[in-house]
Amino acid sequence: MVKKTLTINGTKTILVVDPEAKLSDVLRKQLGLTGTKVGCGIGECGSCAVILNGKVVKSCITKMKRIEEDSKIITIEGVGSKDNLHPLQVTWMVHGGAQCGFCTPGFIVSAKALLEQNNNPTREDVRDWFQKNRNLCRCTGYKPLVDAVMDAAKLVRGEVEVKDIWKQLPEGASLIGSSFIRPSALAKVTGTWDFGADLGLKLPSNTLHAKLVQAEVSHANIISIDTSEAEKVPGVYAVLTYKDVKGTNRINGLAFPTNKGDGLDRPILCDEKVFQYGDAIAIVLAENEKAAHKGVDKVKVELEVLPAYMSAPEAMAEDAIEIHPGTPNVYFENQVRKGEETAAIMENAPYVVEDDFYVQRQPHLPIEPDVGFSYVNEEGKLIIHSKSIAIHFHALMIAEGVGMKAEDVFIVQNNTGGTFGYKFSPTMEGLLGVATLATGRPVYLEFNMRQQITYTGKRAPFWTTMKLAADQDGKILALESDWSCDHGPYSEFGDLVTQRGMQFGAAGYDIANIRGNGRTVCTNHGWGSAFRGYGAPQIMFPSEVLIDELAEKVGMDPLEFRYKNVYREGATTPSGCEPDVYCLEELIDKVRPAYELAKKTAAEKNENTQDKKYGVGVSVNIYGCGLDGPDTSEAWAELTPNGVTIGNSWEDHGQGADIGTLTFAHEALKPLNLKPEQIDLVLNDMTKTPNSGPAGGSRSNVVTGNATVVACRNLLKAMQKEDGTYRTYDEMVAEGSELKYMGKWTAPCTDTPPDGGQGNPFASYMYGVLVAEVEVDLNTGKTQVKKMTLSADVGVIINKLVVDGQLYGGLVQGVGLALTEDFEDLKKHTTLTGCGIPRIKDAPDHIDLIYVETPRPNSLYGASGAGEMPLAAPHAAIINAIYNACGVRVTHLPARPEKILAGLNK
Ligand code: MCN
Ligand code: FES
Ligand code: FES
C-alpha cells in the first residue's frame, strides 16, 4: 500500500491505495466518484477520461503508482454540478449529446481540457481532439457532440449567454415537435445517472460477485466439469454448474409453431454440449471479485471438441452433423409469394440482373458492457436488474429455466448504456436467477468488454442471392430472392428475423410479382440477436445494391430509377398490403437538389485528382414499427397531489423513452394544463409498470406512445365533470374515485404467415432516402464517407432533438456496417477497435437531415418510429457511392480497403 496526497476536484485528499490499482477503480470504488465510467477497460473508449494535472488520461489504464504526489485530478463531478453547470454540460443537453449517456462524462471531461487549451477551436480541431483522446460514442454519430463543443466554446468566450443557446418553451406550449430536453439529460451530463455497475457498488455487503467459466472452443461435447479445486479458493462461496439449476436450464426462445426446433435449445449453463465460443459452463460466486476470478481459473472442464460450423454454408453442407441433435441445422423456412410466378417474367424481361450478397455478423458495440444483479425480495419473488429492453418477455423466457413460476420473476431495467438491440435477448438474466436461487443471496455480475463482444448476440448474417427484372421503360416487373440466415446456435427470434427477409426485400418499390425463399440456419458462430434494423439491413443491402445494378443496365440514373419505381397510391409492400402512407416520391423530390449538387461536386473533384476518386450513392431506407401482427402495449396514468404519474415499460436503450413518454402524456393531459415537471415517470420496473412489450422493432413511439395517450385519456374521462371541467385531486379523493387508469392499445394488423408472407404486419413504417458521398483512396483502398443527406419521414416528430439524434446515430452505424465492422475472427474481433467501431474521424461531420412529416393514420398523434430506419440501408448507399467513385462493387461486407484494392486491380 502507498499513501498519496491528491487534490481531487479541488479538495486535498489523503488516500491509501494499492500502487497497482487503477485510477478508475480508486475513483469509483474507494472514493465513490462513479461519474467516471468504465467501458472497454483497456484504453480504447475514453469513457473513463479524467484530467490529471491538466492532461486528459484514461483512468482505466492509469496505475496509482504512476500518479505523482500532489497531483491534481478533475473528474466529471468536478466539472460542474446540477446547480452550477459547466458550459459544456449545458450545450451537451441542448444538442442531445447524451443519448444513453454512458460516454458523456468522458467526452465532457475531455472537451473541458480542450477548451482550457483552446477556447476557439474549429470543428476539425474538436474532431482531432476526440480522435486523439479516443473518445468513442456509439449513439450520437458524433456530430451533435461537435456542435455542443462549438457552442460551449462560444459560452466560454462570452459571445453568447446560456439563454441564447438554451431556448425555453413558452408557458403552456406543446412539447410535440419541440427540442425539449429529456428528463434524464441533467443527470447524464453531471455524471449522476447511475448505470448498472454504479448500482452494483451500492449493493448490500452480503452480495456475491459472480464470474463465469466460459468455453474457449465453438463446438464440443462436455465430458466433465470439476469444481472441487475452485471451491477451496478462500473467499469462494459456491461454484455452480447445470446440476445446481433448479429449473429446466433452458431459455425459452418462443419459437414459431412452424419452427422445426422447440425453441428450448439454449442452456443457461452448458450441460451436454458447448455450442459457441463464450458459452457459460459454470458460475463462480465469491465474497469479492478477486476470489471469483481465482475460482474461475481453478475449474477444470474436459471437452471432446467437435467440428465447428462457423457460417450458414458450412452448417448446411451435406456432411455437417446436427448441432442440436434431433433438430436439422436448417430449422425454419419461409416463402414469399406475391402476384404471378416470376420464372417466365425473368425469362422474357428485357433487363434482368442477379447478384449474390453477404451482410456480416455486425457487433453491437455499446460502450457499456453487459451488467446486472439479482436478489429475492421480501415476498419471495426473484428480482433481476439488467439492461433488458424486453422486461416482460425476458421474465417469461427464463422463468421455467431457473425454476420459478413466470409470475414470480420480475425484471427491472437499469439505466442502460446502449444496446442497439442485443438486449432483445436475455443475456445474463438466467445466470443471475440461477445464482440467486441456488444461494439465496444477492448476486452481481458484470462483463468486461471482451465478454460483451464474444458472448452476447450479434446481427445474424444473411447470405442472399437476388434477381430483379425490368421492362423496356425501367419499370420493375419481378423480384426473386433466396436468403440463408446464420443465426448461430440459438434459435430465439431466428424465425422472426428470417421473416424480415420476405417483408423488406426491395421494400419501397411497387413490384407486383415476388418469389423468395428464406431459411434459418443453426451454426456455431455467435448467436443471432436483434440489431437495429433487424433483418432489413441484411435484405435491403442486396435489394438496394441490385436496384443500382438494374438502373445501370436500363441506362437510368439511380435516383431517377428509384423515383420511377417507388410506392405510389395503390402500390403494395412485399407483404401485399398498402403501406400506411405514400411519401417516397416527396422524399426523393426533397433530396434531389442535394443529390444533383453532390454529383456535380464529385465530378469536379474527380477532374482534379489522381489518387482519390469521389462518388455519390443513394438508397431507400424503410422499416416497420411493431412486432408482427396485433402488437399490444399497456400503460397507466395516476392522478397525484402534484400532477400525474405515468407508468409504462418503454425500455430505454438511450433512445429517449423518458422524453417520449413525457411528451405523449403532456399532450394528452393538455386540459389539465400541467407543466412538464408535474408529470412524473415510473418506467421499466415489472413490480410497478405494466406490460408495454419490448423496445424493439421501433415500436414504442407508436404502440407504447398510443397506450400512454389512452391511459391519459381514460384518466381525463374519469376526472371530467358534467359541465366539461375537471375534478381536482382533492375532489377525486373526496368522492372516493379511482386515481389510477390503465391504457391499452393494439395495432390493427395481421401476421405474415411463413407460407407466402402476405398480410399487414406493421401499424406504421418509417421512410428515408439517403444520399452518401464518399472519397476512395486508390492507393490504400480506404473509403471515407464525406457527407450524408437523408430526407426522412418518421411521421409527426415527437421530439426533434431525439429524432435528429436517432438519425445521426443510425447513419454512422451504417458507416461501420459498410466499411469496418465485423465479428468473425474470434482472435481479432474481441475489442471495440478490433471490431471496427467508427471513431469520430470515420464519421462524416456533414450530415444533413430533411424532414417530411406525413401524419400516420394508426398513431394517435400521427407519429411513426425513428430508431431503426436510418440503419435499414445506409451501407447500400455507401457501397453504391464507392462503385460510382471507382467502379468497384463490393457485395460482401464490410468493404475493407483490401477488397476495394482487389477490385481496382481486376
Ligand atoms: N421519436 C420521436 N418522433 C417520432 C419517432 C420517434 O420523437 N416521430 C422518438 C421516440 O420517442 C423514441 C425514439 O425516437 O425516443 C425512438 O423511437 P422508436 O423508433 O419508436 O424506437 P423505440 O423507442 O422502440 O426504441 C428502440 C429502437 C431500437 S429497436 C433500437 S435497436 C435502438 C434505437 O431505438 N437502439 C438504440 N435507438 C437507440 N438509440 C440509442 N441511443 N441506443 C440504442 O441502443
Ligand atoms: Fe478506459 Fe475505455 S478507455 S474504459
Ligand atoms: Fe455516447 Fe451512448 S451517448 S455511447
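We count ligands from 1, going down the list as the structure has it; atoms in each ligand are counted the same way.
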Using a strict cut-off of 4.0 Å, indicate which atoms of ligand 1 neighbour a heavy atom of Val803.
1 (N), 2 (C), 3 (N), 4 (C), 7 (O)
Nearest heavy atom to atom 15 (O) of ligand 1 wins, so pick from Ser859, Cys139, Gly626, Gly656.
Gly656
Do Thr704 and Asn648 have side-chain atoms, one donor and one acceptor, less than 3.5 Å apart?
no
Quiz question: by atom type and distance under 3.5 Å, do the side chains of Tyr422 and Lys458 form a donor-acceptor pair?
no
What part of Val796, side chain from CB on, backbone N/CA/C/O, both or neither, has a heavy atom under 4.0 Å from ligand 1?
backbone
Side chains of Glu429 and Ser386, donor plus acceptor under 3.5 Å
yes
Is there a donor-acceptor contact under 3.5 Å linking the side chains of Thr663 and Asn799?
no
Protein residue, atom and distance nearest to atom 7 (O) of ligand 1, heavy-atom basis
Asn799 N, 2.9 Å
Around atom 35 (N) of ligand 1, find the nearest protein heavy atom and jot down its residue, atom name and distance.
His653 ND1, 3.2 Å
Qualifying residue for ring pair (Phe, Tyr, Trp, His ring centres under 6.0 Å) with Phe493, from Phe424, Trp527, Tyr534:
Phe424
Quick one: does Arg127's side chain have a donor or acceptor within less than 3.5 Å of a partner on Lys143's backbone?
no
Residue-level breakdown please: for Gln806 versus ligand 1, do any non-hydrogen atoms fall below 4.0 Å on the side chain, on the backbone, on both, or on neither?
side chain
Identity and separation of the nearest protein heavy atom to atom 21 (O) of ligand 1
Ser698 CA, 3.7 Å
For the residue pair Tyr623 and Phe762, categorise the inter-ring angle as parallel (less than 30°), tilted (30 to 60°) or perpendicular (more than 60°).
tilted
Using modelled atom types only, decide if a donor and an acceptor are shared between the side chain of His95 and the backbone of Val90 within a distance under 3.5 Å.
no
Pair Tyr851-Asp804, side-chain donor/acceptor within less than 3.5 Å
yes
Residues Trp129 and Ser110: side-chain donor-acceptor under 3.5 angstrom:
yes
In this structure, atom 44 (O) of ligand 1 is nearest to the protein heavy atom Phe420 N, 2.6 Å
Parallel, tilted or perpendicular: rings of Trp650 and Phe664 (30°, 60°):
tilted
Under 2.8 Å from atom 1 (Fe) of ligand 2, which protein atoms of type N, O or S occur, listed by chain and number?
Cys48 SG, Cys60 SG
Considering only non-hydrogen protein atoms, determine which one is nearest to atom 9 (C) of ligand 1 and report residue, atom name and distance to 0.1 Å.
Val802 CG1, 3.6 Å
Shortest non-hydrogen contact from Ser764 to Val702?
CB-CG2, 4.2 Å
Could you find the nearest protein heavy atom to atom 18 (P) of ligand 1 and give me its residue, atom name and distance?
Ala866 N, 3.8 Å
Pick one of side chain, backbone, both or neither for how Ile798 approaches ligand 1, counting any non-hydrogen atom pair under 4.0 Å.
both
Is the count of non-hydrogen atoms from other residues, nucleotides or ligands lying under 6.0 Å from Lys744 atom NZ greater than 12?
no
Exactly one candidate in Phe531, Phe420, Tyr455, Phe823 meets ring pair (Phe, Tyr, Trp, His ring centres under 6.0 Å) with His364; the answer is Phe531
Would Val702 count as a polar contact of ligand 1, with the cut-off being nitrogen or oxygen pairs under 3.5 Å?
no
If you scan protein heavy atoms around atom 41 (N) of ligand 1, the nearest is Gln99 OE1, 2.8 Å
Okay, side chain of Arg361, backbone of Ala460: is any donor-acceptor separation there less than 3.5 Å?
no
Between Gln655 and ligand 1, find which residue part has any heavy-atom pair under 4.0 Å and reply side chain, backbone, both or neither.
both
Go through the steps to decide whether Cys100 and Gln655 satisfy the test side-chain contact (heavy atoms from CB on, under 4.5 Å), and finish with yes or no.
CA-CA 7 Å; Cys100 77; Gln655 83 279 25; over 6 Å; no
With a cutoff of 4.0 Å, is Trp650 in contact with ligand 1, counting heavy atoms of the residue only?
yes
Applying a strict 4.0 Å limit to heavy atoms, is Gly697 in contact with ligand 1?
yes
Determine whether the side chain, the backbone, both or neither of Cys625 has a heavy atom under 4.0 Å from any heavy atom of ligand 1.
neither
Give the total of protein N/O/S atoms at a distance below 2.8 Å from atom 1 (Fe) of ligand 3.
2
Enumerated ligand 1 atoms positioned under 4.0 Å from heavy atoms of Gly660:
11 (O)
Test Arg500 against Asp628 for salt bridge (charged side-chain N to carboxylate O under 4.0 Å, His left out), laying out the working first.
CA-CA 10 Å; Arg500 296 289 177 261; Asp628 303 52; 2.8 Å; yes
Of all the heavy-atom pairs spanning Leu807 and Ala792, show the shortest one and how long it is.
CD1-CB, 3.9 Å
Applying a heavy-atom cut-off of 4.0 Å, say which part of Arg138 lies close to ligand 1: side chain, backbone, both or neither.
neither
Looking at atom 10 (C) of ligand 1, what's its closest protein heavy atom, distance included?
Asn701 OD1, 3.2 Å
Under a 3.5 Å threshold, yes or no: a donor from one side chain and an acceptor from the other, between Ser425 and Glu492?
yes
